[in-house]
2 protein chains.
Amino acid sequence: MRMGELSRKTGVPVPTIKYYVREGLLPPGELSSPNQATYGEAHERRLRLIRALLDVGGMKVAEIADVLAALDDPERPLHKVLGAAADRLGSANIEHDDAEATTAQAVVADLVSRRGWRTHESNPAAIDLSKALAAMARLGHGAFVEVLDDYADAAEQVARADLTYVDRRVAVEDMVEGVVVGTVLGEAVFSALRRLAHVDASAKLYGTEGPPERKTS
Amino acid sequence: MRMGELSRKTGVPVPTIKYYVREGLLPPGELSSPNQATYGEAHERRLRLIRALLDVGGMKVAEIADVLAALDDPERPLHKVLGAAADRLGSANIEHDDAEATTAQAVVADLVSRRGWRTHESNPAAIDLSKALAAMARLGHGAFVEVLDDYADAAEQVARADLTYVDRRVAVEDMVEGVVVGTVLGEAVFSALRRLAHVDASAKLYGTEGPPERKTS
DNA sequence: ATCAACGGATAGCGGCACTATCCGCTATCC
DNA sequence: GGATAGCGGATAGTGCCGCTATCCGTTGAT
């Protein structure tokens, strides 16, 4: 298969494929002549993965390059790959060293120890979590921590489902890719489900007509 | 308060504040002279909200403008505001009219009716959901639908917690803003929690040393 | 023999979130 | 009352990002 056919099969324009190769997302084709290359099914699969991570997962090209490099490196342990995949919602690197930040960090530490989670507070996810909680506190929603355990329960359930799926369904040689897909696209799935459930819960709480009267400020 | 002080209090540079005013995110200050304006606490609060939605929620400036316009319009029913807030993860508008897309739409319709969710399949969230599922199917992870109900359970739990919090904690006049904050920042919170739980579940399944041997392709 | 398609390299584009500069005016300090 | 810092407002520019367009010499299909 040559580039034109690869493009037709995946719907990705030829110049874009070239761009992905340049950026290291897609390995170059195998050269049959000094300037003719052929692409196989692996390229097609990889290309679809790239587009899914980009379009559905909302990842950036550079992040995808990192993840795929980790994916292709058999030396790299799975959690490093996942780290590369998951440390993307960095919520910007804005340092707020105020009271809210300190409180939020304490809340996160407490949560982690209370649930016995085997993780460290230096985990980027923990940092993101405390940043999000601190931002809520600064907006006057510090009381949100009261429902944090409900959130954590749900997160555990999702994580369990995710791991179960990967463990049950995916062959060992594809496990790493399966985890990446599950983590990144699973987030999009859950986000959509949450919004659907939100509509439903709101309807049940306030009746089908929607929420009650508004008397905004 | 004048612009410089607003900038100092919130950490947002003055030209950026001007930019937000231009883009309609922040109402202009009240003019005391033809070219002097004063800003109040509402501006400060609004500015913090903008930064939270931008930095933590990952929303775009134009989306925030929509949401805030809806927020400021007392005529607009809450679900419209939320729609403006939630319809952002549009996962790009790429139309794949293939078998996977059709299957995914059927799966979503089935899920919605099975759970009795009071929503319609034209809901953007439902469309996003089927797009995400279709993308997974194209990547060979069509079996992911087997854990979809676990995801949906968790989503319902989160939605319930969210609504409970808003209903219990937030005064009626701030309800709309509370829902927006809960929806957008809550997503960041849950995402981080999911990643934490993922690490823990992985550790419990595969032992503390991490996942098993890799034998990638 | 012709001619579209190929790979490779380089330059450009459009969108986005700012950022820098300039303007004439004003509040404030001495 | 004169200097100076800051103000609000307008316009243009910056840097990054995900492509996209163009050009080149080569090659495979007809």
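In what follows, chains carry the letters A, B, and so on, assigned in the order in which the sequence lines appear, proteins first and then strands, with residues in each chain numbered from 1. Values below: every heavy atom of this structure, side chains too, minus hydrogens, waters and symmetry copies.
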Practice problem: Could you encode protein contacts along nucleotides 9-23 of chain D as a string, one character per nucleotide from 5' to 3', using B for base contact, S for sugar-phosphate-only contact and - for no contact, with a heavy-atom cut-off of under 4.0 Å? | Solution: B-B------BBB---
Quiz item: Is it true that the side chains of B/Y165 and B/R160 contain a donor and an acceptor less than 3.5 Å apart?
Solution: no
Quiz item: In whole Å, what is the span from the CD atom of B/E5 to the P atom of C/dT28?
Solution: 12 Å
Exercise. Indicate whether any N or O donor in one side chain lies under 3.5 Å from an N or O acceptor in the other, for B/Y151 and A/D162.
Key: yes
Practice problem: Report the distance from atom CD1 of A/I17 to atom C1' of C/dG7, rounded to the nearest whole Å. | Solution: 12 Å
Self-check item: Result of checking A/T102, A/V108, A/V107, A/L111 against A/S130 for side chain to side chain contact (heavy atoms under 4.5 Å, CB included)
Solution: A/V108
Self-check item: Counterpart base for C/dT28, defined by Watson-Crick or G-U wobble contacts under 3.5 Å
Solution: D/dA3
Practice problem: May I ask you to check whether B/Y39 and B/R46 show a side-chain donor-acceptor distance below 3.5 Å? | Solution: no
Quiz item: Closer than 4.0 Å, any side-chain N/O of A/S33 to the OP1 or OP2 of D/dG28?
Solution: yes
Quiz item: Among side-chain atoms of B/S191 and A/E187, is any donor-acceptor pair under 3.5 angstrom?
Solution: yes
Exercise. Using whole Å, report how far NE2 of A/H43 lies from P of C/dG7.
Key: 11 Å
Quiz item: In whole angstroms, how far is the P atom of D/dG28 from the CD atom of A/Q36?
Solution: 5 Å
Practice problem: Identify the residue among B/T119, B/D128, B/T183 that makes a side chain to side chain donor-acceptor pair (under 3.5 Å) with A/R195. | Solution: B/D128
Quiz item: Roughly how many Å is it from CG in B/L26 to C1' in C/dA17, rounded to a whole number?
Solution: 16 Å
Practice problem: Take atom CD of A/E30 and atom P of C/dG7, then tell me their distance rounded to the nearest Å. | Solution: 13 Å
Self-check item: Between C/dC16 (P) and B/I64 (CD1): distance, integer Å
Solution: 13 Å
